[in-house]
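For reference, the structure discussed in these notes is given below.
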2 protein chains.
Amino acid sequence: MSRKPFQRWSLDERRCALLEATLDSVAEDGLSGASARRIAEHAGVTAGLIRHYFGSKDAMVRAAYGYLIGQMTAEAAQSAEEGGEAPEQHLARFIVANVTAPNLSSRKVALWATFIGRVRTEPDYAEIHRESYREFLNLLETLIHPLLLAFERPADPVTCQRYAIALNALIDGLWLEGGLGHGLYDTVLLPEIALSAAEGILALPADTLRRPLAGDG
Amino acid sequence: MSRKPFQRWSLDERRCALLEATLDSVAEDGLSGASARRIAEHAGVTAGLIRHYFGSKDAMVRAAYGYLIGQMTAEAAQSAEEGGEAPEQHLARFIVANVTAPNLSSRKVALWATFIGRVRTEPDYAEIHRESYREFLNLLETLIHPLLLAFERPADPVTCQRYAIALNALIDGLWLEGGLGHGLYDTVLLPEIALSAAEGILALPADTLRRPLAGDG
DNA sequence: TGCCATATTGCACAATCGTATAGCAATAGA
DNA sequence: TCTATTGCTATACGATTGTGCAATATGGCA
């Protein structure tokens, strides 16, 4: 019997590799199928290493949820910064980014749903979720506010929050519909549907959000 | 040692009891924590009975997903039949019902999410989900079509489906937001937000959906 | 080059998993 | 009231679970 040869990685590299392996395993086999040994196999290490880096398997899975949410909110925040021109262009790009690859991904939707199922009864998951939700809502409000002002519309905080809640629901719902890919329609239609619906929700003139993106692809 | 006393129930009663126990267990402990013994304990029986009624634990959990979805679509369909008056009242009641208790329930959201996480990789779950989604979309289209006609608007199938997709996303998203209950706002606001957003998406005159429900709740 | 700190492996352990099976007991029908 | 059916319990089995611990080989540093 010969021992398995191995490399010593840096703390961050190994941690990330384990977290990615955890997400891969959860996305494929669910929380019930993602055993410590299977996750370790995904990461190319043995199960004992989990304890060394995260203390316990549950702690690693929790960390993986935080890792996933961190990636997703970072992507959302980044797509909100792009195209710093007119407010309508800003919001339009943000919306489209959320219903288009790579943000729209069946793997991410599956992971998100799997973890969301634990939010109700596990406080650690609830905390992570609540924070990310608040961040997304704030992001939307900061995009809506200048847009309302530009159209000389009331833009008090209550109004902005109401619009943000509705817009967030729309985006979440379309992201889910697209990611689940029931195959009832083509996901190429999603950006168009999302933008026209958002125009309606915000009571903006037709094509206000769609025009600035014309010819983008 | 004395054996546990027991009653012989009818096939349907025992099946439903086991399915409810499965959902209770999954909602509380997740798919990974819902073991055969724990589910049996919830149902007040011993684990061996699962094999007798469902063949295997996995088969029972799949049946529980179908059972849950069946309940939810039945409730949705029922709330669509109520108030058979003007088209706008019809749609308005349907929307409100979906963002109000008992349809809006944190337990149902948790269960839905947990199972949705398995749709991507398990064909049996995908089949159940796809069918229920198609049914919900059709339901929405049958509510939208007469409403568009009443306002002398184009109501071709493509237009109706686009509106249904957007409206479904909005309802799903608000249902999720409300059921997750992050406590950032009061869920009493949800019906108002849902109706005004729906008016916007469908490009209906303000208060078209809100007026017929004034004074209801 | 050689040594040392430690990242990593390998294994054992109790607990729990799903389920197959044998037999008890509750209930419907005679 | 007796009997036959079978719903249900009880138990055992092998596989798998998470994890604690000892041994080891690796890569940085003197």
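Just so we're clear, the structure is a prediction, and the values are computed from it rather than from any experiment. Chain A is the first sequence line, chain B the second, and so forth, proteins listed ahead of strands; every chain is numbered from 1. Computed over heavy atoms, backbone and side chain alike; hydrogens, waters and symmetry mates excluded.
Between A/Trp112 and A/Trp175, the ring planes are perpendicular. Angles over 60° get that label, and only those under 30° would be called parallel.
One interatomic measurement links the two molecules: CH2 of A/Trp9 to C1' of D/dG28, which rounds to 18 Å at whole-angstrom precision. In this structure, CZ of A/Phe54 is placed 16 Å from C1' of D/dG18, rounded to the nearest angstrom. Straight-line distance from the CD1 atom of A/Ile50 to the C1' atom of D/dT17: 12 Å, rounded to whole Å. C/dG18 atom C1' lies 11 Å from atom CE of B/Met60, rounded to whole Å. One interatomic measurement links the two molecules: CG of B/Leu18 to P of C/dT19, which rounds to 14 Å at whole-angstrom precision. One interatomic measurement links the two molecules: NZ of A/Lys4 to P of C/dT8, which rounds to 10 Å at whole-angstrom precision. Computed from coordinates, the A/Ile39 CD1 to D/dT16 C1' distance equals 14 Å when rounded to whole Å. Spacing between atom CG of B/Asp12 and atom P of D/dG7 amounts to 13 Å, rounded to whole angstrom units.
Remark: A/Arg3 is not in phosphate contact with D/dT26, judged by side-chain N or O atoms under 4.0 Å from OP1 or OP2. OP1 or OP2 of C/dA7 has at least one side-chain nitrogen or oxygen of A/His52 nearer than 4.0 Å. Under 4.0 angstrom from either OP1 or OP2 of D/dC8 there lies at least one side-chain N or O belonging to B/Arg14.
Position along DNA chain C of the nearest nucleotide to B/Ala47 versus B/Pro5 favours B/Ala47 as the more 5'-ward residue. In terms of position along DNA chain C, the nucleotide closest to A/Thr46 lies nearer the 5' end than the nucleotide closest to the other residue of the pair A/Thr46 and B/Ser35.
A/Arg37 comes within contact range of at least one nucleobase, with a heavy-atom separation under 4.0 Å. Within 4.0 Å of B/Tyr53, counting heavy atoms only, lie sugar-phosphate atoms of the nucleic acid but no base atom.
Salt-bridge formation is not detected for the pair A/Arg93/A/Glu85: no Lys NZ or Arg NE/NH1/NH2 atom is positioned less than 4.0 Å from an Asp or Glu carboxylate oxygen. Residues A/Glu75 and A/Lys108 are paired through a salt bridge, judged by an N-O separation under 4.0 Å between the basic side chain and the carboxylate. A salt bridge does not link B/Asp124 with B/Arg118: none of the charged nitrogens is closer than 4.0 Å to a carboxylate oxygen.
The A/Phe6 side chain lies nearest to C/dT9 when the options are C/dT9, C/dT19, D/dT9.
Between A/Ser196 and B/Arg162, the side chains place a donor N or O and an acceptor N or O closer than 3.5 Å (distance only, hydrogens not considered).
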